[in-house]
Number of protein chains: 2
Amino acid sequence: MKKSTGPVAETRWLNGDELAAWLANSAIMISLPAALDARMQREAQLTFFEYMVLSVLSEQPDRTMQMSALAARTAASLSRLSHVVGRLEKRGLLARKRIPGSGRRTTATLTEAGYEVVVAAAPGHVAAVREYLIDDLEPHELAALRRIGAAVDAAIKRGQPDASSAASPPPEAPTIHSGPRRTAD
Amino acid sequence: MKKSTGPVAETRWLNGDELAAWLANSAIMISLPAALDARMQREAQLTFFEYMVLSVLSEQPDRTMQMSALAARTAASLSRLSHVVGRLEKRGLLARKRIPGSGRRTTATLTEAGYEVVVAAAPGHVAAVREYLIDDLEPHELAALRRIGAAVDAAIKRGQPDASSAASPPPEAPTIHSGPRRTAD
DNA sequence: GAGTAGAACTTGACGCGTCAAGTTCTCTTC
DNA sequence: GAAGAGAACTTGACGCGTCAAGTTCTACTC
């Protein structure tokens, strides 16, 4: 509650159109992730986030990534990643390895079993994304969604000036690839 | 890898535009709620969801609602609501009351303290919604967002045919009002 | 070359959401 | 009028994410 000092700007409440847009937005913010998560759990016994982790790894040429890079790519804290990767490791879907030399590095590598899990899960995931979102949209809506997402991303970053500056490559939105990376079949 | 049996529909991977839209969407799905939540926590010591609960109550003429109705309006399970309301009750922001007669009803009523908390939190919340989302959008994007949200909502409901049928009024998206309901000042 | 800064994790405690089970009512049916 | 069926919650255990601390390294500095 900071409201005492000076002429605080009057609150601009949302008008009809804005309110409707915001309301509609909560379907995207709340129902969509819940639906995707539930389906992933049902069809592949994976959390949406776990799928992201495995999926990102599967896109790497050697199916390997350093923990901090993985964290950046999946928009997770290192701590969260560490916990999740620990569990996935116990399930045999990936393996960690301490890298000697430079700093205290660790990499995670997808195992064969892990790779098979991603490949099996990917079609269902893409189908869900189409079913719940993409296939219902007209081209111009697809374009609008793209712009809106970019605007949101920019607005949020504007709020937290830097957050870090060293490790992360181009700070990218969480990726959920178009399909698993093909290797020699 | 399941691809052997029969003519399983080929997976339609996302093309460039679709992928970009999906990627952008994850900013809305992931970063936006996190940002709103963090800000609400910082400015009002409330979870986004707790704010929703208090806010919905504040919009009722008597600041009172039956638990199941509240659950429907906030898109939460009765169990989750029960836990959250329990905590809010301990903080003195609302009070529960068993209603004798018809079934095993319980209502939650906002206390004066709870009302003051919502009123204090609302301007910041609306400001955040504007800052992170609404104010960055052109009118046509606002309209598109509205349509996209509606499409997502419909698509998800299509997936889970009924879910119940008795209690809930028009199944509505979670509301986060335009401003706290005015009473006699 | 010892000390300090700091990057890159890991770990444990704690809080919140979910799931399954339990409780308490009413209403129907025979 | 006794037995179900079922609506409307509540409760407890468990899992996952967060936050604060701890651990290991490298690199710089004097």
Side-chain angles (χ1 to χ4, degrees), chain A residues 30-31 33-35 37-38 40-42 45-53 65-91 94-108 162-169 174, chain B residues 30-31 33-35 37-38 40-42 45-53 65-91 94-108 162-169 174:
Chain A
I30 302 179
S31 310
D37 233 327
M40 184 61 77
Q41 194 72 52
R42 194 150 34 79
Q45 290 72 251
L46 287 174
T47 299
F48 187 72
F49 182 72
E50 289 172 337
Y51 174 73
M52 273 183 55
V53 169
M65 252 181 143
Q66 195 180 322
M67 290 294 283
S68 43
L70 232 195
R73 279 273 271 164
T74 56
S77 68
L78 216 35
S79 169
R80 178 183 186 185
L81 218 218
S82 187
H83 283 299
V84 170
V85 164
R87 283 173 235 141
L88 292 174
E89 192 170 27
K90 269 187 193 146
R91 290 165 67 177
L94 53 74
R96 265 184 292 195
K97 194 169 165 194
R98 279 287 274 287
I99 302 296
S102 56
R104 198 201 181 185
R105 314 244 148 141
T106 307
T107 57
D162 76 291
S164 93
S165 49
S168 34
Chain B
I30 301 178
S31 310
D37 235 328
M40 184 60 78
Q41 194 73 53
R42 194 151 34 79
Q45 288 72 249
L46 287 175
T47 301
F48 187 74
F49 181 71
E50 290 171 337
Y51 174 74
M52 271 183 55
V53 169
M65 251 183 144
Q66 195 180 322
M67 291 292 284
S68 43
L70 231 195
R73 280 273 271 165
T74 56
S77 68
L78 216 34
S79 170
R80 178 181 186 187
L81 218 218
S82 187
H83 283 300
V84 171
V85 165
R87 282 173 235 141
L88 292 174
E89 191 170 27
K90 267 186 195 147
R91 290 165 68 178
L94 52 75
R96 266 185 290 196
K97 193 171 166 194
R98 279 288 273 287
I99 301 297
S102 56
R104 197 197 183 189
R105 315 241 148 143
T106 307
T107 58
D162 76 289
S164 90
S165 48
S168 32

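Here is the naming used below: chain letters follow the sequence lines, and residue numbers restart at 1 for every chain. Note that the structure is predicted; figures quoted are calculated from it, not measured.
We find that CG of B:Leu78 is positioned 14 Å from C1' of C:dT24, with the value rounded to whole Å. Nucleotide C:dG6 holds its C1' atom 13 Å from the CZ atom of A:Arg105, rounded to whole Å. One interatomic measurement links the two molecules: CD1 of B:Ile99 to P of C:dT26, which rounds to 13 Å at whole-angstrom precision. The distance between atom CE of B:Met65 and atom C1' of D:dA8, rounded to the nearest whole Å, is 15 Å. Look at CG on B:Leu70: it is 14 Å from C1' on D:dA8, rounded to the nearest Å. Regarding B:Leu81, its CG atom lies at a distance of 14 Å from the C1' atom of C:dT18, rounded to whole Å.
Nearest to the side chain of B:Ser77, among C:dT18, D:dC9, D:dT10, sits C:dT18. Of the candidate nucleotides C:dT24, C:dA8, D:dA8, C:dT24 has the atom nearest to the side chain of B:Arg98.
The shortest non-hydrogen separation linking B:Gln45 to B:Arg91 is O-NH2, 2.9 Å. The minimum heavy-atom distance between B:Tyr51 and B:Met40, with the atom names listed, is CG-CE, 3.4 Å.
Within the 4.0 Å cut-off from OP1 or OP2 of D:dC9, at least one side-chain nitrogen or oxygen of B:Ser68 is found. Side-chain nitrogen and oxygen atoms of B:Gln66 include at least one within less than 4.0 Å of the OP1 or OP2 phosphate oxygen of D:dC9. In terms of phosphate contacts, A:Thr106 brings no side-chain nitrogen or oxygen within less than 4.0 Å of OP1 or OP2 of C:dA8.
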- Evaluate the side chain to side chain contact (heavy atoms under 4.5 Å, CB included) criterion for residues A:Arg80 and A:Phe49: first the C-alpha distance (whole Å), next the side-chain angles of each, then the deciding distance (0.1 Å), finally the verdict. CA-CA 10 Å; A:Arg80 178 183 186 185; A:Phe49 182 72; 3.5 Å; yes
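If you check distances only, the side chain of B:Ser79 never reaches the base of D:dC9 with a donor-acceptor pair under 3.5 Å. In terms of polar N and O atoms assigned as donor or acceptor, the side chain of A:Arg104 comes within less than 3.5 Å of the base of D:dT23 in a complementary pairing.
In this structure the side chain of B:Met67 reaches within 4.5 angstrom of the side chain of B:Leu81, judged on heavy atoms.
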Taking only nitrogen or oxygen atoms into account, show me every contact under 3.5 Å that the protein makes with nucleotides 14-17 of chain C, one pair per line with its distance.
residue: C:dG17; atom: OP1; partner: B:Arg80; partner atom: NE; Å: 3.3
residue: C:dG17; atom: OP1; partner: B:Arg80; partner atom: NH2; Å: 2.7
residue: C:dG17; atom: OP2; partner: B:Arg87; partner atom: NH1; Å: 3.4

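Partners of A:Arg98 under the side-chain contact (heavy atoms from CB on, under 4.5 Å) rule, at least two apart in sequence or in another chain, are A:Arg104, A:Thr106.
No donor-acceptor distance shorter than 3.5 angstrom exists from the side chain of A:Ser82 to the backbone of A:Leu78, with no hydrogens or angles considered. Looking at B:Glu50, its side chain does come within 3.5 Å of a backbone N or O of B:Thr47 through a donor-acceptor pair.
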